[in-house]
Amino acid sequence: MAEDQPDGIGVEARRLGGIPLRAFAPNAITALALCFGLTGVRFAIGEEWDKALAAIIFAGVLDGMDGRIARLLRAQSKFGAELDSLSDVIAFGVAPAMILFLWSLQYAPKFGWTAALAIAVCCALRLARFNSRMDAEFQPHKSAGFLTGIPAPAGAGLAFVPVYLWLVTGSDLFREWYVVMPWGLAVAMLMISAIPTYSWSSIRLRRSWRLFALAGVGLLGAALVTAPWHTLLAVSTVYVALIPFGLASYAKVRRRG
């Protein structure tokens, strides 16, 4: 969710003794994302792994909506920004860590819980770093249209890659702690890393590609409905493959000054 609070909301709230309804909507969506994240843990406790992952994925969809709705309604606020960060920590840090622990890491002879904690802690550290730099004048990655490290929702999605593989193939190899633990730690490190990654603002779409892009989005939505785990696995693969290209693109932007 956006961070700055427009003067209009503050003045209107003081005059009327409350907040306008348009300021409530994005915060309600953020709270709903938090609830879906915790619901994923509830499903994991019942060993309903597909529903647990679906809850986290839907929380990611809601997280992508709240900030844009807030900007559309001119309802950004400091409260909304803080609530968004707290929701992200729970939905994309704590909940995935708990799901992976219950699914696999609890069977590790040592350090299973430590690995799960690393995912949650690194997510919190990433968001703390983001919040602490919001008002900084010098942000080289942001000024070039890039993110620093992978965002929390993407980190949660990538952390579940072994689960996607298990659901797709049915092979218990992908559920073994010695497969899940190094992968989870690698994703945790990527969240707090300083590598530049693509953001929406860094991607430019040619006008001639607009219809193809819209068709692609529609096909992606259909694929998510008909074959969700295959599709999420493919999306995760593409995202990881784009990381080196993001590094190269950022280096090119820096050379241009």
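Judged purely by atom type and a 3.5 angstrom limit, Thr231 uses its side chain to pair as donor or acceptor with the backbone of Ala223. For Thr226 (side chain) and Ala222 (main-chain N/O), a donor-acceptor pair under 3.5 Å exists by modelled atom type. Counting only distance, with no hydrogens or angles, the side chain of Ser85 and the backbone of Glu82 share no donor-acceptor pair below 3.5 Å. Side-chain N or O atoms of Ser104 include none that pairs as donor or acceptor with a backbone N or O of Leu100 at under 3.5 Å.
One finds the CH2 atom of Trp183 at 11.5 Å from the CD1 atom of Ile119 (value rounded to the nearest 0.5 Å). Between Cys122 atom SG and Ile192 atom CD1 the span is 4.0 Å, to the nearest 0.5 Å. Residue Leu247 holds its CG atom at 9.0 Å from CZ of Phe146, rounded to the nearest 0.5 Å. Annotation: the span from Ser193 atom OG to Ile150 atom CD1 amounts to 7.0 Å, rounded to 0.5 Å. Atoms CD1 and CH2, on Ile57 and Trp229 in that order, are 7.0 Å from each other to the nearest 0.5 Å. Separation of atoms CZ (Arg126) and CG (Leu190) is listed at 10.5 Å; rounding is to 0.5 Å.
Looking at every heavy atom in both residues, Ile29 comes nearest to Leu62 through CG2-O, 3.6 Å. The two residues Gly37 and Ala95 make their nearest non-hydrogen contact at O-CB, 3.2 Å. In terms of heavy atoms, Gly40 sits closest to Ala52 at O-CB, 3.3 Å. Taking every heavy atom of both residues into account, Tyr239 and Pro151 meet most closely at OH-CD, 3.3 Å. Considering all non-hydrogen atoms of both residues, Ala194 and Thr148 come closest at CA-CG2, 3.7 Å. The two residues Ala55 and Phe36 have their closest heavy-atom pair at CB-O, 3.4 Å.
Neither Phe101 nor Phe43 shares a network with the other; the hydrophobic side chains, linked directly or stepwise wherever heavy atoms of I, L, V, M, F, W or Y lie under 4.5 Å apart, form separate groups for each. Both Phe92 and Leu102 are members of a single hydrophobic cluster when ILVMFWY side chains are connected at heavy-atom separations under 4.5 Å. By the criterion of side-chain heavy atoms lying less than 4.5 angstrom apart, applied directly or through intervening Ile, Leu, Val, Met, Phe, Trp or Tyr residues, Leu38 is not grouped with Trp49; the two fall into different hydrophobic clusters. One hydrophobic cluster holds both Ile45 and Ile56 under the rule that ILVMFWY side chains link at heavy-atom gaps under 4.5 Å. Tracing side-chain contacts under 4.5 Å through hydrophobic residues (I, L, V, M, F, W, Y), one reaches Leu233 starting from Leu224; they form part of the same cluster.
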Below 3.5 Å, can you tabulate the donor-acceptor pairs from side chains in residues 152-168 to any protein atom, sequence neighbours excluded?
{"from": "Tyr164", "atom 1": "OH", "to": "Gly157", "atom 2": "O", "distance (Å)": "3.1"}
{"from": "Trp166", "atom 1": "NE1", "to": "Asp172", "atom 2": "OD1", "distance (Å)": "3.2"}

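Remark: Arg175 pairs with no residue by the salt bridge (charged side-chain N to carboxylate O under 4.0 Å, His left out) rule, at least two apart or across chains. For Met181, the side-chain contact (heavy atoms from CB on, under 4.5 Å) partners at least two apart in sequence or on another chain are Leu105, Ala108, Phe111, Ala115, Trp177, Leu185.
Proximity of Leu86 to Ile90: side-chain heavy atoms (C-beta onward) are nowhere separated by under 4.5 Å. Side-chain contact between Leu220 and Val235: present, with at least one pair of heavy atoms (C-beta onward) separated by less than 4.5 Å.
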Discussion item. Assess the residue pair Phe130 and Leu147 against the criterion (side chain to side chain contact (heavy atoms under 4.5 Å, CB included)); give the C-alpha distance rounded to whole Å, side-chain angles, the decisive distance to 0.1 Å, and a yes or no.
Written reply: CA-CA 10 Å; Phe130 174 82; Leu147 301 172; over 6 Å; no
Discussion item. Applying side chain to side chain contact (heavy atoms under 4.5 Å, CB included) to Thr30 and Leu34, what does each step give before you reach the verdict?
Written reply: CA-CA 6 Å; Thr30 303; Leu34 186 156; over 6 Å; no
Discussion item. Does Asp88 form a side chain to side chain contact (heavy atoms under 4.5 Å, CB included) with Asp84? I'd like the steps, not just the answer.
Written reply: CA-CA 6 Å; Asp88 285 357; Asp84 187 63; 3.7 Å; yes
Worksheet item: Would Tyr178 and Leu173 satisfy side chain to side chain contact (heavy atoms under 4.5 Å, CB included), going step by step from the backbone distance to the final call?
Response: CA-CA 9 Å; Tyr178 51 79; Leu173 171 64; 4.2 Å; yes
